[in-house]
Structure formats: structure tokens, C-alpha cells
Amino acid sequence: MNFAQIETELEALADEPFDSATFIYRFLEIYNAPKATLTKLKQGSGNHAVEAGDVLWKNKLFYRSTTGSLPDVADAMLADPLVKKHNPRFLLVTDGADVYCRDLKTDQTIDPRFTRLNEHFMFFLPLANIERYEAPTENPADIKATGRVAKLYDAILEANADWIERDYTHDLNQFMTRLLFCFFAEDTSIFEKNVFTSTLMNRTQEDGSDTATVLDLVFESMNTKVESRSHLPDYAKQFPYVNGGLFRDKTQVPKFSKRARRLLKECGELNWSDINPDIFGSMIQAVAQPGLREDMGMHYTSVPNIMKVLQPLFLLSLEEEFETAKDSEPKLKKLLQRIYSLRVFDPACGSGNFLIIAYKELRKLEMRVFERQKAIAKQWSLPMTEVALTQFYGIELTDFATETAKLSLWIAEYQMNEMFKATFGKAPPALPLRESGNIVHGNAAFVDWTQVCPLTEDRETYIVGNPPYLGRADQTKEQKADMAKIFAPLGVSYKNLDYVACWYVKAAHYCKSGRAQCALVTTNSICQGEQVALLWPIIYKNELEIGFAHQPFKWRNSAAKNAAVTCVIVGIRSISKTNKVLYSDAYHRRVSNISPYLVEGEDLFVTKRRAPISFEKDMTFGSMANDGGNLLLSPSEKDEIVARYPEATKFFKRLYGSQEFSKGTERWCLWIEDHDVEAAEEIPPIRTRIEAVRAARSDSDRESTAELAAVPYRFAEVRHKESDAIIVPKNTSERRFYITAGFIEAGSVISDLAFAVYDADPYIFSIISSRLHYVWGASVGGRFKMDPRYSNTLVYNTFPIPKLSDEQKASLEDLAVEVLGARETHPGKTISWLYDPDNMPSNLRNAHKSLDDALETIYIGRPFADDVERLQHLFKLYGAAMKKDTTKTKSKGAA
DNA sequence: TATCCGACATGCA
DNA sequence: TGCATGTCGGATA
């Protein structure tokens, strides 16, 4: 079976007129329901439903077509005793216009339009016996263990204060991973039950003085083959030969204090068999980095997010191959070869989450192949797994995490062997440990990746991971140097790029030379705003394309404090005819191409520019106070001063940022001209505020801010003009349909949280208020979290407008008046309320619609069909304008 | 808890 | 000088 095929057929079915009699059978056929089953369902013998027209396929699906309210009907079906009896996985209700479907196992619901059913084709995959991935629940054992290990680590450090200055951290880290392994081993069948902790407790003094000696001998024993142990004491001999590199190097064992020994005992008493290496490694990683302790594991990638990378990158493809190979021994054998030759490389692997999950998935698939072989082969004997940890490669910056990654891979291997044993009754011996993954300790932005994971044409290689994101302002000197090393030779402007761009560029070079593909979880900022034009030309130069992408989603994991960041996933591969899929939380669909803004469209991007290509007036940044809050006042604060000092009135102006405009809140600022300073300072409360500004600015580490302390009576950046202005809030909401511009009367100050077009013609307001402009801004501009963020250089200056006649301007102006008029018919309502899609009044909607229709007719002679067409046309015009611009000025244009 | 928007250091062009 | 950006935060309903 082929996923693209399912989607295509589903799309065809959704496009046809709905036929309640045949729909469900066609639907099930697409999901490969066995022919015999379908026949039985149609005949009624396999259909357990009672009501006419219903279909109830045991354990799978309960279907009803109706004309009633879909959720209500679904609730009624759910209450039907038949559900309990026949346990369907899905409830599916439709009236031919909408669909309502609930997965009773995961309790997820979708309710798409009937015609968009294909966008949810993965939702129904369990019908074809393919499970969607479900997030594991939080594991209390991991949390508890992490806490205890952290305490033990601290106690050991305390007893070995000299270790840090002597740079024994590697020894300490390796020692800790050995301990963790032993704890795990004695709670599973790798060691004899509790042998490690009990030996230590029985053989050592309570004060900890000889703990190190005993541990040293025990570790040596684990690195010595049984036949060569004559020099070791009996208690050490009872441990099996472990090796696998974990005990190979002789490293120093730290001294133990009484407290450290007691904590060792407490760690040993935990039940380590419950540890889940998927996440535990990430949590334990924080142990060795006290700075990270407080947000322990905050940055680990959750398993669902890892699957968002692995599934589209290669797991789905393996799954498809399995489905087609199901009944063919040679094909199954070929699939196994593919599994065994595949490599996964995480150049920012941390404690190895991605690698561990990938390993487990490959093992699970291998087991399914074995089961299948067993079922169809005439003769079959159980093979052992050939998925090797050495197929997994990683680079990690911190030593402790590097060691943890290797350990976690071993634990994962053991757990998978146990699962194998449960299914097939046999498993490879746990010991001695085989080689673990190829995890290298180093700076991935600096080291040569081909040294870690050599380039090869013969093996599929998948680069995955969640590398560190750091905006320009937060990069350290070293990180800037890393950036320079990678980007400077390319001769491009790069300093405004996020640090994570290093990984994309290195991955691009790797993918170009080898048979590799890459998908990374990164901050959304590299697919938005100014960074797009900086990064993506470099990628495209390597004859690569975006094969799949996941649109922005909020970062989530089970750590207490989630990172406040919005992420995307971008899959990069050599140019190919294979399907491209665009994912979002709500749907995923095949598209013709994925643009670097992660929307359907061509590989185009805009470069920020100083002057507008079309608008006839400049838009400027508002005035930034940078005052520690002292130049800004609430109405009551202002009134209090004016009441006592009426002469102060002239020093106040209304201030408008995004919120003051959108929500109508009143705010004032001190606005003192140079020649008025002395007069202003004679008013004590004003003088106090000015002094506070001076103090705040002097305190700043930033030189230019400190210099501004010399003029504390005025805003740091003064852009104000004494004229009427169009105000455009900097922040808007992704839920709105329009950018909410407005007019501000002369005499008010527009803050840096909004943009201003001073002395503007009203038709400019019309264009800014159009759907076209919103669509442009939402895709080309930056973002604040998920919400579009307006900008003059990126959005306004790049927006293409056809040449307008005076008549056209006049008619646009009339339509602007209509919009403003519609707003005024709702007195007391804020802009924010009026433009909330849940509230937006119909007259305002209509006024905007008329404006859109008129403007779009100027563009193409008719309104656009949808936003995709809007964007495509704008990009076309932009491209043409830039071409003209290049020939005229020979300056840099866009691609 | 979803929604919407503030403030300013930073540093590039 | 002008302005994008934030492994950003916080108030509000």
C-alpha cells in the first residue's frame, strides 16, 4: 500500500457527489479492507449495525449517514450498546457536506469538510492496521531517578573538590554512566538481582572510605574476561563480563564521603527497570550542567516531536515498503537489507533521543518482517536481529551527554531484545555489550561531519536532530566564530541568521555530496522574515529542495517549564519528483512545492529593503522611549501632574502603541522639545521622571543607550512628525483577517510598537487594510510567536502595487471611508474586538470585502480565488519589480 | 489556559 | 541612523 495512493483516491472520493449508499464501502476499500470483509458488510452478514444504512464493522468502524447535527448523532452512536459489544475503533458520521469522526482509542476527533477528507488520510490509517504514534505518558520513575542522581553527583563532587580544577570531568561523567548502567543491570536480568548495590553495601565501610576501592575492583572485573580474573577478589568475580567500551578504559574512581555512599545506596534502591531511555537521558543530562538544573530537561525533544521528524523522513517509506512486500519472501528480504544498511545521524544528539527512537522503530519493523516471514515461508528458523547500534551516529557538545547517549542506546537495545524475546521466545545475550552508537564528543558547528559519519553512496543516511537555536543577539563569541567559519567562505551576509543555520548549511553540504536527506527541528525564525533571504539561497545552491515540512508549532514537552519558542521542521533532500508533503497540526497534504516560508508556493523569498517599491510614501518606525518606563504615563498619573502644575499640559502627548490603538487604552508620554527642557525641569514631578530616565539609561550596558543619558528628557529614537498619520500596529493576531491600520490625529506620538505613515493619502490605508496586504505580511514578515509581526522594510516596502490612476485612488479612498464608517457604527467596541473573527460584524466584513474586490480587480480584473492565488500573484509582481530594480540600480535583488 | 501584545538590548547594514 | 529579532515574558479574559 502506498500513502500517496490512499490520499489520491480519498481526494477523488471526496470530490464526487456524496452517495450515502456506497460511500462507506469505497472509503473502506481505499483503506485496503479485505474484499471478503467488504462483501460480507455489503450483504449484511458482517454488518453488526441494527439501523438501516448504518455500517458496523467489528473492532474497526461504526458509520452512519445523517442529516442531523453530526456531533449529536455521534454521541448517540457512542451511547449505543452495540459500541460496547463490537468495540469499533472509529465513529464516522457524515451528511455529505461535513464529516465528524472520532477515534475511540485515542479519543481524538476531526471534523473536516467532506471535500477535504483527504487532508486527514493519516487519521484513518489504523483501519489499515497502521498505528499513528502516540505520546508516552510522563514517567515518574525518570523524574525520581534524575533527582536522586543529581544529589549523588553533587555529593561526589563535594568529596572530590580537586577533580574540577584537574579537569577530571570526563572521568566523573564516565563513572556516573557506569553506575547508571549497573543500577539498570541489577534491576533487569542483565545482572543477578541487586548484586551491585548489595555487594557495595556489604563490602564497604559506612564512612565511604573504601567505597572507591571496591568499585574499582568491581569495574575491573566487568572489563576482564571470566578466565582471566584470578587476581580479583571473589565478590568482584560474581559480576559478568560487560565491556562494550563502557568499562574498557581505566579511569579513576572518585572518593566517597559518608553522604555520597548513602546516596549511592538510595540510588541503588530505586527500580531502574522502569526507566524510559527516550526521555531519561535528556533529563539526566542536566545533572552534569548545574546551570541547566533548574529547567531540567527543558530543551529535550518530546517523542511526538521526534516522530514528526522520523516518520516523514524515512519511517513512512519503510512502512510502505513493508506493506507492498508483505506477501513476498524476496521483497521482505530486500526490506531487511534496507533496514540494516540505513544510517541515522544526529549532529546535535544530546543524550541521543532521536537515535534511540529511530533504533526502536527499526527494531519494531524488523520484528514485523520476521513475523511476516514466519507466516509465509515454507521453512523458517528464527534469525537474530541485525539492526546494530553502530548504524547510529551522533555529535554532542557536552561530554556527559555523549556518555549518556551511548548508555541510553545500550538500554534501548536491551529493552528491544526483551521485546523480541517476548515475541519470539529468544533473544541475543545481553552481555558482553556490543559496540554502542558512534557518538562523538565535539562541537558539531565546528567539526567535519564526514569524519564522524563518512560520506557514502551505498547507504541511505538520514540527518536528524534538534540543534540549538540562538538568535543573533544571544550568540556567544565562540558561536559567532562558528558562524563566521561556515558562512564567511560563502561570501554571503549571515550575521543576522540564527545559530541553527549552521546545521542547515552543513547538512546541505552533506546531503549534496552523499545519498543523504535531512530533517531538523528548529526555531521558526529561519523560515520567516529577513532570515529567509539569507539562508535559503545557500541551501538551494546545492540543488536541494524542501521535501516535507511541518508548519510552526509551539514547543511542548513534559518538562515543568516549556521553552517559550515556536518551532518548525524542515526536511531537505536532493531535487526529486517524489511527493512533497506539508504538515500542520490540523492537516497534512501533498503540495506541488514547499516554499522557504513553509507554505505551498515557489522557492521565492523577499529581501528587506529601505524604500518602498510601490507605495508612494515612506513608512517609518515609531518613536522608541527606552526610558525604563519613566517617560510614559497612565491618564491618572498625567492628570495628577496637570492638576498641580497646569503649565505642564504642553509637555504631554497621547501615545499610541499596538495596544493603545487596538484596545483603545489611553496612555500619555512626556514630549519635551530641546528648547523647552529648562521650563519642563522646573516642574518637580517631571524633573523626577527625567532624572529617573537618566539613571535608567546610565545603568545600561549598552554604550549607545548610556550616551542617551545625556538627553534624558526625550525619547531615545525620535521619529515623530507633527502631522496626521496612518498607524499600523507591529503585532497582530494570526486569527484576524486583516491588518488593523487606523488614523491618528496630529499631536499624538506613535511608539516603537507600531509603524507610521505620516501625512499619508487615504488610499494607502485602503491597501494596507486589504486581504492582499495581510496575506503578504503574514507570509513574508516576521513573527512574534505564532502571530504575524508587521515591518516596514519587509512587508510595506516590498509590497507590489500596480500603477494606480487618480480615479482608482479616489475609489479606493471611498472604500476606506466605508471601512472606517463601519467601525464607527459600533461605538464602544475596540479594534481588537471588531476584528476578532468570532465577533467581526457583518457590515465591517462587507466593507472590507468591497474594498478587497475593488483592489483585486485593479490587480487582475477580478477578485482572487483564494489566498494561495493572492500570494502567487504578489510574488510574481514582486519578482518582476525586483528584476526591473536590478537592471536599473544593479543592486541585489531576490531570486 | 488561550489570546494578544510590551519593551528594550543587541548589533547589523 | 534605522530597525529585526527574541531556547522572550506577561497581563487579561
Side-chain angles (χ1 to χ4, degrees), chain A residues 292 295 297-301 348 350 466-475 480 483 493-500 521-526 528-534 554-557 559 561-567 607-611 618-629 631-632 655 657-663 665 667 696-697 699-706 708 715-719 729-736 740 751-755 781-797 830-833 835-838 891-892:
Chain A
L292 293 181
D295 53 33
M298 180 168 105
H299 290 150
Y300 82 81
T301 317
N466 179 9
Y469 334 144
L470 285 163
R472 177 200 56 208
D474 292 328
Q475 292 162 18
K480 284 185 192 299
M483 297 277 286
S493 160
Y494 65 91
K495 292 187 174 173
N496 281 346
L497 278 170
D498 192 285
Y499 186 52
V500 81
V521 184
T522 63
T523 170
N524 59 349
S525 64
I526 58 150
Q528 279 151 17
E530 66 170 345
Q531 297 198 35
V532 174
L534 300 177
K554 287 205 178 84
W555 178 260
R556 290 217 179 287
N557 59 32
K561 232 175 78 181
N562 274 311
V565 60
T566 309
C567 294
T607 310
K608 64 174 179 176
R609 46 181 298 135
R610 306 291 275 220
D618 282 355
M619 174 181 280
T620 59
F621 203 62
S623 301
M624 192 197 280
N626 196 351
D627 62 336
L631 292 175
L632 312 183
L655 178 83
S658 289
Q659 191 168 121
E660 290 74 25
F661 173 68
S662 299
K663 295 195 177 159
T665 43
R667 213 168 173 203
R697 289 185 184 164
D699 272 356
S700 169
D701 294 333
R702 190 192 187 197
E703 207 175 317
S704 60
T705 302
L708 286 166
F715 276 36
E717 294 190 26
V718 178
R719 306 273 181 279
K730 179 173 280 183
N731 298 318
T732 184
S733 159
E734 62 169 348
R735 295 173 64 242
R736 290 180 191 149
T740 53
S751 86
D752 68 310
L753 296 161
F755 292 91
R783 266 164 205 271
F784 178 74
K785 299 270 167 71
M786 300 284 261
D787 297 325
R789 183 187 249 186
Y790 199 81
S791 129
N792 52 353
T793 58
L794 277 163
V795 181
Y796 182 87
N797 290 350
T830 63
I831 292 289
S832 191
W833 188 92
Y835 282 85
D836 183 327
D838 294 340
S891 69
K892 259 197 304 178

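Heavy-atom basis, side chains included; hydrogens, waters and symmetry copies ignored. Everything numeric here is computed off the predicted structure, so don't read it as measured data.
If you check every strand for non-hydrogen atoms under 4.0 Å, A:N466 touches a base. Nucleic acid contact class of A:R667 (heavy atoms, under 4.0 Å, all strands): sugar-phosphate only. Residue A:P467 is classed as a base contact, given a heavy-atom separation below 4.0 Å to a base. Residue A:P729 is classed as having no contact, given no heavy-atom separation below 4.0 Å to the nucleic acid. Backbone-only contact: A:N792 has heavy atoms under 4.0 Å from sugar-phosphate atoms and none from a base.
With rounding to whole Å, A:Y494 atom OH is found 14 Å from B:dA13 atom C1'. Rounding to whole angstrom units, NZ of residue A:K480 and C1' of B:dG11 are separated by 7 Å. If you measure from atom NZ of A:K730 to atom C1' of C:dG6, you get 12 Å, rounded to the nearest angstrom.
An OP1 or OP2 oxygen of B:dA7 is reached within less than 4.0 angstrom by no side-chain nitrogen or oxygen of A:N731. Residue A:T793 places no side-chain N or O under 4.0 Å from the OP1 or OP2 atom of C:dC3. Distances shorter than 4.0 Å separate none of the side-chain N or O atoms of A:R610 from OP1 or OP2 on B:dA13. Between A:R472 and the phosphate of B:dA9, there is no side-chain N or O to OP1/OP2 separation shorter than 4.0 Å. Contact annotation: A:R735 reaches the phosphate of B:dC4 (side-chain N/O to OP1 or OP2, under 4.0 Å). Between B:dC5 and A:S733, no contact under 4.0 Å exists linking OP1 or OP2 to a side-chain N or O. The shortest distance between the side-chain N/O atoms of A:R609 and the OP1/OP2 oxygens of C:dG2 is not below 4.0 Å. An OP1 or OP2 oxygen of C:dA4 is reached within less than 4.0 angstrom by a side-chain nitrogen or oxygen of A:S791. OP1 and OP2 of C:dT5 both lie 4.0 Å or more from every side-chain N or O belonging to A:S525. Considering only side-chain N and O atoms, A:N496 lies nowhere under 4.0 angstrom from the phosphate OP1 or OP2 of B:dG11. Under 4.0 angstrom from either OP1 or OP2 of B:dC5 there lies at least one side-chain N or O belonging to A:S832.
Of the charged side-chain nitrogens involved, none lies within less than 4.0 Å of a carboxylate oxygen, so that A:R697 and A:D627 do not count as a salt-bridged pair. Salt-bridge check for A:E717 with A:R719: passed, with a basic side-chain N closer than 4.0 Å to an acidic carboxylate O. The pair A:R736-A:D836 does not count as a salt bridge, with every side-chain nitrogen at least 4.0 angstrom from each carboxylate oxygen.
For C:dC3, the base has a donor-acceptor partner in the side chain of A:E717 [N/O atoms by modelled type, under 3.5 angstrom].
Positionally, the nearest nucleotide of DNA chain B for A:D752 lies more toward the 5' end than for the other of A:L534 and A:D752.
Pairing of B:dA7, defined by two Watson-Crick or G-U wobble distances under 3.5 Å, is not identified with any nucleotide.
In this structure, A:Y494 and A:Q531 have side chains that are not in contact, with every pair of non-hydrogen atoms separated by 4.5 Å or more.
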